[in-house]
Amino acid sequence: MAFMVIVFTVIRHRVIGGIDSAVWVIAGMLAYFMFRRPAMQGIEGINANRALFTYRQVRPVDTVLVRSWLEGSLMLIVAFVVLAGAGLLGLPVIPDDPLLVLGSLFGLWILGLGFAMACSVPNDLVPGFGHLIKLVMTPLYLLSGVLFPITLVPYPYQQWLMFNPVVHGVESIRLGFGAHYHVPAGLSLPFLYAFGFGLLFIGLALHVRFVERLIAR
C-alpha cells in the first residue's frame, strides 16, 4: 500500500477524481481487501477446521461464518491503524460522509461472506476449484478500480465494469472520503448489497443441501 501511495503521489498525480491521490489509493485498497480477506479465508474454513466436525454442535457453515467475521474484524482494525498513520502524516483521511464509508465497508464484507459461503462447498467437493478461485482473484483486483479510476474507462467498457459489485463498494468508499469525488455513472450501493445477499442465500442453500457430505469427507 505504501509503495502504491508513493507511485501515485510522487510519480503520477496529486489529485485523482477530485480527492487526494494517497487517500484514493488507501481507500481503494482497504475497500478491496475488506472483500477479499473474508472471501478467501472463509472459503478455506471447512478444510482448515475439519477436526471440529467431531463435535455435533459444529457445522461447516459455522467455520465459514466465523473465519469471515474474524477477517472482517481484523480488516477494520487494520483500516483504523492505516488511516490513523496517514492522518499523522498530514493526509486528509477524515471522511466527508462516515456513514457511507461504514455502509460500504459492511457491504463489501457481506459480499465477501456471501462469496465464501457460495464457493466453500464446491471448494471442498470439487477438485481444483480452489485453484480456479485464486486465478479469478487477480483479474478481479485489476477490474475493480483499485489501481485506476473507473471514470477513465471509455464506453461501453465502463458499463461492463459496473456489473462487478466490488466496483460499487470501492467507489462508494472513495465518495465517502471526498464528497466531490467523480464517481462513475450507475454507482449503486444497493446493487452491492443485493449481490452480496444473493450470494449469501445461494451459499446457505448449498450448505443445507450438502452438509452431510461436507462432514463425512
Side-chain angles (χ1 to χ4, degrees), residues 1 25-50 52-53 58-83 98-126 129-147 163-174 176 188-208 210-211 214:
M1 187 180 297
V25 173
I26 292 172
M29 296 190 75
L30 288 176
Y32 178 76
F33 284 108
M34 178 57 82
F35 155 74
R36 188 183 187 278
R37 292 292 301 178
M40 296 305 294
Q41 294 300 316
I43 287 175
E44 297 296 334
I46 297 176
N47 289 327
N49 299 278
R50 190 170 300 280
L52 295 177
F53 299 156
V58 180
R59 288 288 183 253
V61 67
D62 300 329
T63 62
V64 179
L65 179 60
V66 171
R67 290 196 75 170
S68 295
W69 173 82
L70 176 62
E71 290 297 327
S73 301
L74 290 175
M75 277 305 304
L76 282 179
I77 297 174
V78 170
F80 177 80
V81 172
V82 170
L83 292 174
L99 290 180
L100 179 58
V101 173
L102 292 176
S104 303
L105 286 174
F106 183 71
L108 286 166
W109 178 78
I110 288 293
L111 181 65
L113 174 62
F115 188 88
M117 285 287 187
C119 294
S120 57
V121 175
N123 180 65
D124 191 66
L125 300 180
V126 180
F129 187 83
H131 298 291
L132 177 63
I133 293 297
K134 292 177 182 178
L135 289 176
V136 170
M137 279 296 168
T138 299
L140 183 64
Y141 176 71
L142 299 176
L143 296 176
S144 296
V146 179
L147 300 179
F163 285 105
N164 177 5
V166 182
V167 170
H168 295 264
V170 170
E171 293 294 285
S172 293
I173 287 180
R174 287 170 174 161
S188 173
L189 201 57
F191 176 79
L192 169 65
Y193 275 88
F195 208 100
F197 281 114
L199 285 177
L200 186 59
F201 175 80
I202 294 173
L204 290 173
L206 289 174
H207 273 271
V208 171
F210 294 103
V211 60
L214 293 174

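Note that these values count all heavy atoms, side chains included, but never hydrogens, waters or copies made by symmetry.
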Pairwise side-chain contact, [X] with [Y], heavy-atom cut-off 4.5 Å (strictly under):
X      : Y      : result
Asp124 : Arg50  : yes
Leu70  : Gln41  : no
His168 : Leu189 : no
Met40  : Ile133 : yes

Gap separating the OG atom of Ser104 from the CD1 atom of Ile173, nearest 0.5 angstrom: 5.0 Å
Distance (rounded to the nearest 0.5 Å) between Leu192 CG and Phe197 CZ: 9.5 Å
Looking only at atom types and distance, does a side-chain atom of [X] sit under 3.5 Å from a main-chain N or O of [Y], one as donor and one as acceptor?
X      : Y      : value
Asn49  : Gly45  : yes
Ser120 : Met117 : yes
Trp109 : Glu71  : no
Tyr193 : Ile110 : no

Of all the heavy-atom pairs spanning [X] and [Y], show the shortest one and how long it is.
X      : Y      : result
Ala118 : Leu199 : CB-O, 3.9 Å
Arg67  : Ala48  : NH1-CB, 3.0 Å
Gly130 : Asn123 : CA-OD1, 3.1 Å
Pro38  : Gly72  : CG-N, 4.0 Å

Parallel, tilted or perpendicular: ring planes of Tyr32 versus Tyr141, cut at 30 and 60 degrees: perpendicular
